[in-house]
Amino acid sequence: MSGEGKVVCVTGASGYIASWLVKLLLDRGYTVHATVRSLDDPNKTAHLLALDGAKERLCLFEANLTVEGSFDSAVNGSVCVFHTASPVLLSVDDPQAQLLDPAVKGTLNVLKSSAKVQSIKRVVLTSSITAVIFGSRLLESGVVIDETWFSDPLVCEQKKTLAEDAAAKFTKQNGLELVVINPGYVIGPFFQPTLSLASEGIMSMIKNGNEVFSDGIYRLVDVRDVATAHILGFENTEADGRYCMVDKVVRSLEIMKIVDNLYPSLGFSERYKDGKCVEPLPYHVSRAKAESLGVKFTPLEVSIKDTVESLREKNLLRF
């Protein structure tokens, strides 16, 4: 086990990606300091405490993104910090105050705590593909997006874009190495009790045909691959900069045709029998840098099947 004897910290550990990250770190032998918003909320802690190795090597800490110094105890003794925590609110009255400021300030609070610990040399940050694709370049057919693309905050004032930029500046000024993971729309199995927004979106598409994105285009990646990329971003000494994590760019019609092939008894073929993908996809996302890190992408059919089966196990999809 490559992580034996090493302590790492995961912020926002109750989240979809972070829960898988904690699980895979424990599987590799790491001791994990995991932060949650409330130690008194079993929805945030119970599924983590039930993981193999948790009794021996998982320590939970309560921390608040908006409070400076809140992460000091959690990062102490760590060799790496995986910062996945970010404010998530479905409805906001003041995006600047409720989402953007906490995302940027929260990231800086975690980094300030990390900079105090001599053993921490590298931080792995969870960003988003939305911090990559919405820039000045046109998304035309045949375009391949890679890590050199940057979203324009004026075009897309998105919390991940601003938090990633703040992290890059802080780590450069304070001698920390920064690896950034930029995942697309994350699907796959889940074991936390609360449904992630991404899983909820896929469930709604399957149940009712509702689109998550108005253009019907999805940049899909498996949650297990995203969690693995975080770990490789720490373990691979050559890792540096950003890593786009998108397996495939597909239309919703392709997703539903895969669901129909896997579960023909549901009769989705009737709903989509006249649908044809006549227009070429407007762009693709390069997997080259992620694969150079050691990521082996899960086939899309497997990710979709495991997503559906996970929803069925939780009685959120019944058939």
Salt bridge or not between [X] and [Y]? Use side-chain N to carboxylate O under 4.0 Å.
X      : Y      : value
Arg312 : Glu309 : yes
Glu291 : Lys296 : no
Lys116 : Asp72  : yes
Arg242 : Glu147 : no
Arg37  : Asp41  : no
Asp247 : Arg219 : no

Criterion side chain to side chain contact (heavy atoms under 4.5 Å, CB included) on Val123 and Glu177, from CA distance to verdict
CA-CA 6 Å; Val123 174; Glu177 297 173 1; over 6 Å; no
Just so I know, are the side chains of [X] and [Y] near enough to count as touching, which here means a heavy-atom distance under 4.5 Å?
X      : Y      : result
Thr35  : Val10  : no
Phe71  : Asn76  : no
Met256 : Ile206 : yes
Leu58  : Val32  : yes
Leu51  : Val22  : yes
Lys248 : Leu220 : no
Arg122 : Val179 : yes
Phe191 : Lys23  : yes

Do any N or O atoms from the side chain of [X] and from the backbone of [Y] form a donor-acceptor pair under 3.5 angstrom?
X      : Y      : result
Ser128 : Asn182 : no
Arg28  : Ser2   : no
Arg287 : Phe297 : no
Ser14  : Val36  : no
Lys55  : Asp52  : no
Tyr218 : Val212 : yes
Ser78  : Val81  : no
Ser70  : Thr66  : no
Asp225 : Thr298 : yes
Tyr243 : Asp240 : yes

Apply the test side chain to side chain contact (heavy atoms under 4.5 Å, CB included) to residues Val285 and Val144: give CA-CA distance (whole Å), side-chain angles for both, the deciding distance (0.1 Å), then the verdict.
CA-CA 5 Å; Val285 179; Val144 178; over 6 Å; no
From [X] [atom1] over to [Y] [atom2], what is the distance, rounded to the nearest 0.5 angstrom?
X      : Y      : atom1 : atom2 : result
Leu262 : Glu301 : CG    : CD    : 7.5 Å
Leu21  : Thr84  : CG    : OG1   : 7.0 Å
Leu232 : Ser292 : CG    : OG    : 10.0 Å
Leu293 : Ile231 : CG    : CD1   : 11.0 Å
Gln192 : Ile17  : CD    : CD1   : 10.5 Å
Leu311 : Leu316 : CG    : CG    : 6.0 Å

If we ignore angles and hydrogens, is there a donor and acceptor under 3.5 Å between the side chains of [X] and [Y]?
X      : Y      : value
Asp146 : Ser286 : no
Thr307 : Ser310 : no
His230 : Thr126 : yes

Is it true that Trp20 and Phe190 have ring centroids separated by less than 6.0 Å?
no
Using the ring centroid of each side chain, check whether Tyr185 and Phe213 are separated by less than 6.0 Å.
yes
Going hydrophobic residue to hydrophobic residue with side-chain gaps under 4.5 angstrom, can you get from [X] over to [Y]?
X      : Y      : answer
Met203 : Val221 : yes
Ile255 : Val302 : no
Phe61  : Ile120 : no

Return yes when atom [atom1] of [X] has more than 12 non-hydrogen atoms of other residues, nucleotides or ligands closer than 6.0 Å, and no otherwise.
X      : atom1 : result
Asp215 : CG    : yes
Lys105 : NZ    : no
Lys314 : NZ    : yes

Heavy atoms only: give me the nearest [X]-[Y] pair and the separation to one decimal.
X      : Y      : answer
Ala18  : Gly12  : CB-O, 3.1 Å
Ser151 : Ile133 : OG-N, 3.3 Å
Val75  : Cys9   : CG1-SG, 4.0 Å
Trp149 : Val132 : CB-O, 3.3 Å

How far apart are the C-alpha atoms of Ser252 and Glu211, what are their side-chain angles, what is the distance that settles it, and do they pass the side chain to side chain donor-acceptor pair (under 3.5 Å) test?
CA-CA 8 Å; Ser252 55; Glu211 294 282 12; 2.6 Å; yes
Could you go through the side chain to side chain contact (heavy atoms under 4.5 Å, CB included) check for Asp306 and Arg224 one step at a time?
CA-CA 11 Å; Asp306 289 352; Arg224 294 161 292 193; 2.8 Å; yes
Walk me through it: do Val79 and Val7 pass the test side chain to side chain contact (heavy atoms under 4.5 Å, CB included)?
CA-CA 6 Å; Val79 293; Val7 179; 5.9 Å; no
Residues in side-chain hydrogen bond (donor to acceptor under 3.5 Å, both in side chains) contact with Thr194, at least two apart in sequence or another chain:
none
